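Beneath this line is the structure, given in structure tokens, with notes to follow.
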Amino acid sequence: MTLTVLLPLALALLAAPAALLAGTLRTAYAAPVGTVFAALAALATLWGYLSGGGIVDIAWTPTWGLRFAVELDGLATLYALLATGIGFAVLVYSSRYVPLHLDHEARPASDAVRFYFFVLLFMGSMVGLAMAQDLILLFVFWDLTAIASYYLIGYDGHKEGSRASALMALLITGITAVLLLIGALFLYAAHGTFSIPELAGLVEPGPLLTGCGLLIAVAGLAKSAQAPFHFWLPRAMAAPTPVSAYLHSAAMVAAGVLLIGRVYPLLQQSEVLLDILLVFGVASMAVGGVLALTRNVLKQLLAYSTIAQYGFVVAMYGLGGPYGAGGAAFYVITHALAKSALFLTAGAVTEATGEDRLSKLGGLRKPLPLLAVASGAAAATLTSLPLTLGFFADEFFFAAALERGPLFAAFAVAFAATTLAYTWRFWSGVFLGGADGKAEAHSVPALLVAPVAALGGIALLGGIFTGPFESLAEAAGEVSFQAPTPLGASYRLEVLPEYLMALGAYALGVGLILSRPVWSWAALGFSRLGALAGPERLYVLTVHGLNVLSGSLHQLEIRNLRGRVTSVLLPTAVIVGAAVLATPATGAYQVGELRAEEVPLMMVLVGVAAASLATAFTRRHVTLALVFSSAGFALAVAYAFYGAPDVTLVAVLVEVVLALLYFATMKLIPYRTLRRQAAQPLLRPNRKIFVSAVAGIFAFVVVWGALSQPPAGQTVAEEYVRLTPEVHAEDVVTAILADFRGLDTLGEITVVAVVLLGVSTLLGRGITAAKAPSSADSVAGVATRAVARLLYLPTLIVAVAILVKGYTQTGDGFSAGVVAALGLMLRRLALGRGKTGGLPSARGAATIAFAGLLLALSVAAAPLFLGDAVLTHYPSPGSEPIYLGTLELITAVLFDVGIFFLVLGFSIGVVSVFAHTIADEEEYAGPQGYRKR
Amino acid sequence: MGLIGSNWLVVPIVLPLATATLAMLVGRRSAPYLGLLTASGILLSVAAIGLTVLEEGTIRYQLGGWEAPLGINLYADGLAVFMLLMTAIVGAAVSAYAVGYFTSRQDESGRVAGDSGDRSGSFWVLWMFLWASLNGLFLSADAFNLYVTLEIMGLSAAGLVTLERRQSALSSGMRYLFVTLLGSLAYLMGVALLYGALGALDLATLGELMYPGAATWSALALITLGMALKTGLFPLHFWMPAAYSNAISPASALLAGLVGKASFYLLLRLWFDVFDGGLGPGPGQVLGLLGAAAIVWGAVMAVRQRRLKRLLAYSSVSQIGYLFVLFSLATTASWGFDAWSGGVYHAFSHACAKAAMFMSAGAIVRSVGHDDLDRMQGVGQQMPLAVAGFALGGVTLMGLPPTGGFTAKWLLVSASLESGQWWIAVVLLAGGVLAALYVLRFLNPALIQVKVGPVARPATQNLEVTAFVLAFGSFFLALLSAPLLALLRIGTPFASVLLVGTP
């Protein structure tokens with residue numbers, strides 16, 4: 001059973017890759033391979049249908065109820081046969097047409113492969129779409145058809161119009177496809193399944209069904225180019241003619257009514273939805289019918305005809321009942337045969353004459369007699385003349401309309417008459433009349449006529465042997481209607497109301513043809529009105545409006561950094577402020593008592609505040625740096641008051657280095673620039689003072705509120721103090737840094753290494769490329785040099801002392817590194833670069849730094865090989881330490897040595913990069929800018 | 001569990017650190033080999049960690065042998081392993097890409113200052129540091145230690161941006177540095193407030209002690225803002241387009257694919273493990289709204305761009321919105337896990353897809369010499385593999401099956417429908433349509449058939465292949481959703497929901 005479903009599906013889906021493969025081997029292979037696959041798929045579908053169809057239902061992602069559910073039921077067979085059968089005819093036609101087309105466009109013959117690939121992809125996804133029983137699976141195939149159509153419509157991509165049309169088609173059908181998905185999701189949320197047959201049993205009339213049904217129906221209507229979504233279809237005529245034939249008859253546009261037919265079991269449960277369908281259908285019949293009467297270009301005329309014809313189908317679904325659902329399926333078959341034949345005719349005519357406008361064509365019955373007859377049959381089918389398949393299609397439509405009421409019967413007759421009028425206009429305009437002043441025709445290849453003849457022949461034969469078509473349509477109608485839809489397509493020798501209506505339509509149609517001068521101005525006026533205020537105009541305006549809108553938004557986007565930072569800080573302030581205000585303040589905002597011994601501390605803090613205030617009024621850069629430093633030094637004193645010598649040491653050293661960096665940076669900027677900047681008046685000082693004051697008060701309140709509520713329980717800090725002796729340390733800070741929270745330290749020294757690398761890539765030409773220092777003399781005096789020489793070695797000794805004793809006493813690897821670096825820098829400043837006072841090169845400094853990092857890393861990772869956790873230090877807590885003289889031997893100290901080298905290398909490296917940059921700048925700009933100090 | 005088993009946990013951190021240091025010391029020639037070796041080592045260790053976590057549950061590793069509130073712990077639950085895996089896969093692909101990128105750059109002269117060799121060396125060192133910090137960030141269970149990893153991450157990422165020596169890259173690199181420091185600073189202030197109020201830094205301990213109060217609210221606001229800034233959540237994304245589009249392409253891939261995800265992960269981790277779901281429903285709603293706005297804004301901006309890499313950068317603005325939507329959906333209700341895992345899954349699929357797209361774009365830009373979308377006509381014929389990679393990644397962004405993006409959107413959409421916030425579902429789906437539009441902005445000209453000559457500089461096969469392979473992986477990511485979601489269930493903050501939810 002499964003083979004009957006899977007064989008046609010597999011053949012259809014494999015056709016595209018097979019043709020692509022064949023085409024890459026040799027361009028000429030693509031067409032025959034594709035055609036054979038299409039034929040096989042059509043035969044397999046027929047075989048599957050005749051063997052009773054089948055169903056395949058595999059859980060795809062079971063957790064979400066997604067299923068790969070395909071079934072070859074009547075509806076699926078109908079559309080799969082159309083897709084593969086018409087596809088076969090179109091491919092035969094294309095095998096001659098596409099090379100000619102490419103030749104006209106001066107494009108390489110190999111481009112044809114792409115054409116076959118996408119046509120066959122289209123065919124495959126249509127077959128999949130026809131068989132899909134699961135809304136999500138359906139959506140996937142739906143999107144595949146959209147993609148294939150995009151590339152086919154835009155096949156002549158070198159023409160601007162072609163690409164715009166392709167995009168328009170994709171937008172209209174793509175955006176509405178999302179509506180399908182949304183509708184499916186809502187149904188799933190309500191009923192827990194995507195399976196259409198299951199949903200049909202579960203849904204109940206109500207707002208949910210109406211809403212979801214409408215969403216899904218709109219997706220189908222847009223794809224079937226129903227008004228007011230119809231405007232993409234005439235544009236899509238930019239596609240090569242075989243593509244248009246296929247799109248209109250069996251693929252893209254047919255997919256829309258296929259969807260409506262597929263979900264019809266859901267739709268028909270809501271009267272509102274049926275009425276909506278009816279309105280859309282009638283509107284499309286009107287718009288398409290009237291505009292088809294005004295068009296001059298062959299393919300345009302046919303495109304508007306398609307809109308009207310699918311309007312009939314949609315209206316039939318809207319009318320409902322057995323004649324509605326079954327008749328709609330029948331109508332689709334008829335239309336597919338006729339419309340594909342007419343499009344192929346248009347293509348052949350244009351190929352023969354090089355002309356595609358009705359006004360330039362005429363009298364072609366003589367040079368192209370076979371084509372005239374074949375397309376005449378197709379046109380007769382479209383106009384539902386007796387003895388053609390189309391006759392019954394209209395009969396069912398009339399029957400369904402009659403059931404609804406006389407008004408709809410009148411509509412039906414009127415629009416059937418317009419069909420006759422424009423079809424006559426097409427056929428007579430091309431083939432009848434005199435050939436004078438019209439384009440001349442040369443003969444066309446047989447392969448361009450044969451498919452037309454075949455399709456027209458089938459339509460004629462169908463008018464006599466209706467049985468197979470009827471049973472297929474009945475089977476399809478049954479799937480939609482969920483009940484048998486007996487059609488009874490046979491000629492009867494009695495006067496049925498449908499026959500009278502048909503006669504009326506013919507008469508009215510002839511009247512329309514004859515009275516053309518009378519109404520043509522009105523039809524043209526309607527067409528102009530549509531161009532002026534129709535949906536296409538709305539689409540263009542919307543796209544344009546969105547462009548303008550996003551353009552102005554983009555302006556907002558690229559404002560300056562200050563504005564953007566404000567936009568970060570301001571919301572932070574608001575949110576934090578709201579958070580603080582919103583939370584209960586019990587216990588917060590308390591002022592503790594002031595003890596006498598804290599008065600010096602208070603004075604120091606006042607000093608910090610004063611220094612901070614002073615920064616606001618200082619304009620000269622050097623002073624500014626000094627004031628900053630003094631605030632930092634004052635804070636270091638505050639740490640000292642709290643008995644934190646380690647932190648104090650680090651703070652002092654950091655301040656020293658920072659001040660040096662400030663000055664070094666300032667040396668990079670020409671003195672004049674600095675002075676000019678310092679002399680400039682402050683911009684909007686009041687605003688700045690206000691903002692600063694508010695920010696300061698605000699931060700104060702937040703910190704006050706947060707810190708005056710100390711944690712209730714025991715903090716980690718107390719534990720650290722208790723455990724410090726256990727790890728052979730007397731200095732809590734060092735113990736925390738090297739042992740308890742060693743990973744932090746490892747991370748921070750990595751930061752230092754990254755910064756070194758960053759500074760050297762940013763400022764220098766990278767570490768490796770930095771030049772050796774050129775000789776330049778020191779500016780220091782004799783006394784300074786002597787002092788520097790004296791101090792240089794002692795600083796190094798101090799550094800080593802801080803390092804090795806750091807674990808038990810004040811100090812650590814970081815401080816030691818900074819002290820040592822300061823010593824080296826002092827020497828460099830005093831002795832200049834020439835006389836052995838040079839610092840290691842940037843590369844050397846980096847090597848020192850990274851060697852330090854490697855050492856620290858090795859110490860951290862070594863315990864892995866001893867079976868302990870990373871960053872474990874030895875000797876282990878509590879055990880007896882080993883002494884070397886007065887020196888404890890602890891691996892943590894080794895870790896610190898790594899840090900020492902890293903910091904030393906970093907400091908020297910940064911200074912070195914700065915020094916080289918300054919030297920380069922001086923060489924570049926000459927010294928005069930700097931010496932004015 | 002044996003010590004050997006849990007020791008795998010330090011490998012993803014220590015190994016790249018050691019490689020970075022060694023690569024710096026032994027010189028740049030060996031750096032690519034060391035990098036590739038490290039990438040395979042990390043893949044191996046992450047696989048080992050993943051298998052252990054799947055079999056035995058979460059792993060906790062005490063560094064230095066110190067217990068949790070006292071020392072720093074590494075902690076691997078499903079989420080952490082998920083992110084490690086994401087980073088390992090994308091990282092390995094970018095590493096393979098970078099080998100080709102830098103070797104092929106050496107023949108170039110003029111456009112780039114004559115330091116291409118050195119840039120290669122700096123790239124590898126910075127990238128290894130970055131990788132170590134990412135892995136550390138995913139594994140660390142300590143608030144301050146997380147700050148340290150953030151700093152390494154931000155600084156090495158800024159270094160990577162400034163590897164391109166054009167003026168625009170330097171200025172956007174400095175801007176990025178500024179932003180990343182501002183974000184880290186906000187985070188640090190938040191951590192300081194937490195430590196002041198609760199007296200601990202270990203995440204689990206913080207979570208136990210958490211109470212809503214002035215300090216914790218302020219901490220939440222500061223941390224959220226810092227992380228939103230670093231992730232580039234609308235409207236704090238202003239630094240992103242410039243930084244992503246001006247950096248060299250391997251760096252763009254890393255930044256867009258991984259760095260943004262790391263700060264998002266950090267927020268996610270703290271939000272649910274420490275702040276108990278945002279201390280109330282309000283903050284999550286705000287983030288969700290901003291996420292929804294980001295989806296639309298970023299996508300509209302992306303459609304407007306005229307340059308390929310800027311288009312991708314704005315697409316990231318949009319895709320980041322999907323991540324933040326989860327904050328308004330992930331509650332303790334029955335759909336909480338769906339929303340949470342959907343957001344996380346999106347991070348994975350977007351990381352793979354966007355990195356692959358930046359890699360493709362890099363290969364294309366390098367070959368044709370510009371990234372002007374209007375002049376991309378016919379690129380598809382010249383570089384079919386790169387364009388195919390771009391297209392596959394693009395389909396993931398659209399969220400069609402069977403891509404990873406589909407799983408992610410699916411989970412998010414179903415959560416939003418179940419929670420009754422259907423407007424989120426609409427935004428999510430609209431974002432997919434807009435994604436299709438901006439992907440077509442490139443594919444449309446690239447795939448049309450025009451007569452084209454050979455490109456100025458033929459791409460090395462390596463660049464196109466690595467980009468394509470990664471995109472191909474992201475394309476089929478939905479097929480792996482069962483094991484990946486099983487992984488996410490381990491140690492999830494939504495365990496209680498899962499117990500109720502499982503049939």
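Note that the structure is predicted; figures quoted are calculated from it, not measured. Throughout, a chain's letter reflects where its sequence line sits, starting with A, and its residues are numbered from 1.
- There is no contact between B:Trp239 and chain A, counting heavy-atom distances below 4.5 Å.
- Using a 4.5 Å cut-off on side-chain heavy atoms (C-beta onward), B:Ile72 and A:Leu871 make no contact.
- In this structure, the separation between OG1 on B:Thr21 and CG on A:Leu855 is 11.0 Å, given to the nearest 0.5 Å.
- With a threshold of 4.5 angstrom between heavy atoms, A:Leu857 approaches chain B through side-chain atoms but not through N, CA, C or O.
- Interface check for chain A: of the options B:Thr149, B:Leu22, B:Leu201, the most heavy-atom pairs under 4.5 Å are formed by B:Leu201.
- Interface remark: B:Met174 contributes side-chain atoms only to the contact with chain A (heavy atom separation under 4.5 Å).
- With B:Leu155 as the partner, the side chain to side chain contact (heavy atoms under 4.5 Å, CB included) test is satisfied by one option alone out of A:Val751, A:Val752, A:Leu757: A:Val751.
- One distance of note links CD1 of B:Ile13 with CG of A:Leu743; it measures 6.0 Å at 0.5 Å rounding.
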Take B:Met24 and A:Leu853 through the side chain to side chain contact (heavy atoms under 4.5 Å, CB included) test and state the conclusion after the steps.
-> CA-CA 11 Å; B:Met24 188 72 196; A:Leu853 182 59; over 6 Å; no

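- With a 4.5 angstrom heavy-atom cutoff, B:Ala425 does not touch chain A via any of its atoms.
- Contact of B:Leu170 with chain A is made through the side chain alone, with heavy-atom distances under 4.5 Å.
- In this structure, B:Ser414 has no side-chain hydrogen bond (donor to acceptor under 3.5 Å, both in side chains) partners at least two apart in sequence or on a different chain.
- In this structure, the portion of B:Gln62 lying under 4.5 Å from any heavy atom of chain A is its backbone and not its side chain.
- Ranking B:Thr216, B:Val14, B:Leu126 against chain A, the residue ahead of the rest is B:Leu126, based on heavy-atom pairs under 4.5 Å.
- Between chain A and the residues B:Leu17, B:Leu193, B:Val433, the largest count of heavy-atom pairs under 4.5 Å involves B:Leu17.
- Contacts of B:Leu209 with chain A are absent, with no heavy-atom separation under 4.5 Å from either backbone or side chain.
- If you measure heavy-atom distances from B:Val413 to chain A, the contacts under 4.5 Å come from the side chain alone.
- Counting heavy-atom pairs under 4.5 Å between each of A:Thr750, A:Ile182, A:Thr847 and chain B puts A:Thr750 at the top.
- Within the model, atoms CG of B:Asn145 and OG1 of A:Thr745 stand 9.5 Å from one another, a figure rounded to the nearest 0.5 Å.
- For B:Asp202, no part sits under 4.5 Å from any heavy atom of chain A, backbone or side chain.
- Counting heavy atoms from C-beta outward, A:Leu723 and B:Trp66 have side chains that approach closer than 4.5 Å.
- Of the atoms belonging to A:Ile736, not a single heavy atom falls under 4.5 Å from chain B.
- At a 4.5 Å heavy-atom cutoff, the contact between A:Val755 and chain B is made by side-chain atoms alone.
- Only the side chain of B:Phe129 comes within contact range of chain A, judged by heavy atoms closer than 4.5 Å.
- Between B:Tyr61 and A:Leu864, the shortest heavy-atom contact is OH-CD2, 4.2 Å.
- A search for salt bridge (Lys or Arg N to Asp or Glu O under 4.0 Å) contacts involving A:Asp143 returns nothing, not counting sequence neighbours.
- Ranked by heavy-atom pairs under 4.5 Å with chain A, the first of B:Thr162, B:Leu417, B:Leu70 is B:Leu70.
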